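The analysis underlying the following values was restricted to heavy atoms, covering all of them including side chains, and did not include hydrogens, waters or symmetry mates. Predicted model only: the values in this text are computed from it and were never measured.
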Amino acid sequence: MCGGFAIFSSINDIIKYYNILNCEFNFNPNYNASPGQNILSIKSGISNILCKMNWGIESSNKKRKITNIRSETVAKNFNHLISQKRCIIPANGFYEWKNRKPYYIKSKKNEFLNLGGVFTEWNDGTGKIFYKTAILTTCSQKRLYEIHNRKPVVINYNDINLWLDSQKNINPNTLVDKFPEENLEFYRVSAQVNKYWNNFPGLNEKLTDIYETPDLF
DNA sequence: CCAGACGTTGTT
DNA sequence: GTCTGG
DNA sequence: CCAGACGTTGTT
DNA sequence: GTCTGG
């Protein structure tokens, strides 16, 4: 699954990489992006548009918000979203937990990870639009499976525009799960990431033996 | 019949 | 789509 | 995802 | 246990 990630590249790097025309808001590096927070997301428009979206889609039965949706069932359960409301959540890496021990998973080449998501939008009447988003998940392969059986969908760089183009009637399953796990590396990080208010450079750094004990608190 | 909802994850 | 509730 | 809370009553 | 908040 995906219950946390990091996005700390400069806004200029993000704009350049994702071909964003302009961005009118400030963005602080986030080493501990968690459900409920506003996160960066890209949707299609005249050009690609960078938005703030709140992580978690309201569920109709008023229980927990939906932070992840299985890519295997999204077409059945959220067809209106997967067919028209696809987005990309830029990440430098994401976290997975095994027995409440966090791991950081990133590109070996430090490429952006283009997390595949869907979103909802709501106009409050004053013209301001609020977005909510959920990250799609898929099966982990052999290596990542050792940590967790689910992982976020990562869209290949070359598929980004196709993924975002709601005019294109694509089968999303042809685009998900194409990013090879061989391009990823992962390692244990400090359990400080377990508390969402911990948010600082280094949170995603490899845990060495010296720092193993601090996990106890 | 129609209207409205429609998840996920984990389990030392 | 497909299921549930009314 | 994890951490932390976790009820009840009445009220124009 | 099960829910909420971040």
Side-chain angles (χ1 to χ4, degrees), chain A residues 1-8 27-41 52-87 89 91-106 113 115-122 130-141 144-154 166 169-173 176-177 184 186-200 203-204 207 212 214-217:
Chain A
M1 141 177 235
C2 181
F5 65 93
I7 176 70
F8 46 80
F27 164 72
N28 295 321
N30 195 343
Y31 293 85
N32 205 353
S34 308
Q37 294 179 345
N38 288 323
I39 59 178
L40 290 184
S41 182
K52 285 179 181 171
M53 294 189 183
N54 195 267
W55 188 4
I57 291 176
E58 304 293 338
S59 67
S60 42
N61 64 15
K62 298 188 175 74
K63 289 190 182 171
R64 306 255 288 272
K65 284 187 210 163
I66 301 165
T67 56
N68 294 113
I69 299 176
R70 295 174 66 96
S71 59
E72 297 92 332
T73 55
V74 64
K76 174 174 170 287
N77 294 330
F78 295 94
N79 188 47
H80 54 305
L81 298 185
I82 192 60
S83 61
Q84 294 295 319
K85 301 285 186 185
R86 295 183 295 267
C87 60
I89 291 103
N92 295 105
F94 59 91
Y95 298 106
E96 293 290 354
W97 281 262
K98 181 173 186 172
N99 303 331
R100 268 188 258 104
K101 307 281 192 206
Y103 293 74
Y104 183 64
I105 299 101
K106 62 181 273 293
L113 299 182
L115 307 186
V118 294
F119 67 96
T120 61
E121 56 184 309
W122 174 63
F130 295 93
Y131 297 98
K132 293 172 185 290
T133 185
I135 295 174
L136 301 179
T137 59
T138 185
C139 262
S140 299
Q141 316 282 26
L144 264 185
Y145 198 93
E146 295 164 18
I147 305 177
H148 207 96
N149 63 332
R150 305 291 297 173
K151 64 179 177 183
V153 163
V154 179
S166 57
N169 196 4
I170 60 169
N171 176 356
N173 288 315
V176 310
D177 229 1
L184 299 174
F186 57 84
Y187 42 75
R188 274 286 307 284
V189 292
S190 165
Q192 288 185 280
V193 76
N194 289 10
K195 298 184 193 294
Y196 63 87
W197 56 83
N198 288 329
N199 191 341
F200 48 82
L203 193 61
N204 59 325
L207 193 68
E212 200 71 39
D215 269 10
L216 295 173
F217 54 79

Round to the nearest Å and state the distance from [X] atom [atom1] to [N] atom [atom2].
| X | N | atom1 | atom2 | result |
| --- | --- | --- | --- | --- |
| His80(A) | dT2(C) | NE2 | C1' | 14 Å |
| Ile66(A) | dC3(E) | CD1 | P | 14 Å |
| Asn194(A) | dG4(D) | CG | P | 10 Å |
| Glu72(A) | dG7(B) | CD | C1' | 12 Å |
| Asn149(A) | dT11(B) | CG | C1' | 12 Å |
| Arg150(A) | dG7(B) | CZ | P | 14 Å |
| Lys65(A) | dA5(B) | NZ | P | 18 Å |
| Arg100(A) | dG4(D) | CZ | P | 11 Å |

Which residues share a salt bridge (charged side-chain N to carboxylate O under 4.0 Å, His left out) with Glu121(A), sequence neighbours left out: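 So Glu121(A) forms a salt bridge (charged side-chain N to carboxylate O under 4.0 Å, His left out) with Lys85(A).
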N/O donor-acceptor pair under 3.5 Å between [X] side chain and [Y] backbone:
| X | Y | result |
| --- | --- | --- |
| His148(A) | Trp97(A) | yes |
| Thr133(A) | Val118(A) | yes |
| Asn68(A) | Ile135(A) | yes |

Taking the side chain of [X] as its heavy atoms from C-beta onward, which of [options] lies nearest to it?
| X | options | answer |
| --- | --- | --- |
| Tyr196(A) | dT8(B), dG6(E), dA3(D) | dG6(E) |
| Arg70(A) | dG4(D), dC1(D), dT8(B) | dT8(B) |
| Pro35(A) | dG6(E), dT12(B), dT8(B) | dG6(E) |
| Asn99(A) | dT12(B), dG7(B), dT9(B) | dT12(B) |
| Phe78(A) | dG7(B), dA3(D), dT12(B) | dG7(B) |

Is there a side-chain contact between Thr73(A) and the phosphate of dT8(B), meaning an N or O under 4.0 Å from OP1 or OP2? yes
Base, sugar-phosphate alone, or nothing: which one does Asn68(A) contact when heavy atoms must sit under 4.0 Å apart?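 Sugar-phosphate only.
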Inter-nucleotide [atom1] distance ([N], [M]), Å rounded:
| N | M | atom1 | value |
| --- | --- | --- | --- |
| dG1(C) | dT9(B) | C1' | 25 Å |
| dA3(B) | dT11(D) | C1' | 35 Å |
| dT12(D) | dC2(B) | C1' | 37 Å |
| dT2(E) | dG7(B) | C1' | 16 Å |
| dG10(B) | dC1(D) | C1' | 11 Å |

Using Watson-Crick or G-U wobble pairs with both distances under 3.5 Å, give me DNA chain B in dot-bracket, 5' to 3', with [ ] for crossers and | for pairs to another strand. ||||||......
Residue list, ring pair (Phe, Tyr, Trp, His ring centres under 6.0 Å) with [X], at least two apart or on another chain:
| X | value |
| --- | --- |
| Tyr31(A) | Phe8(A) |
| Phe119(A) | Tyr131(A) |
| Tyr103(A) | none |

Residues which pass side chain to side chain contact (heavy atoms under 4.5 Å, CB included) with Thr73(A), listed by chain and number, not counting sequence neighbours: Arg70(A), Asn77(A)
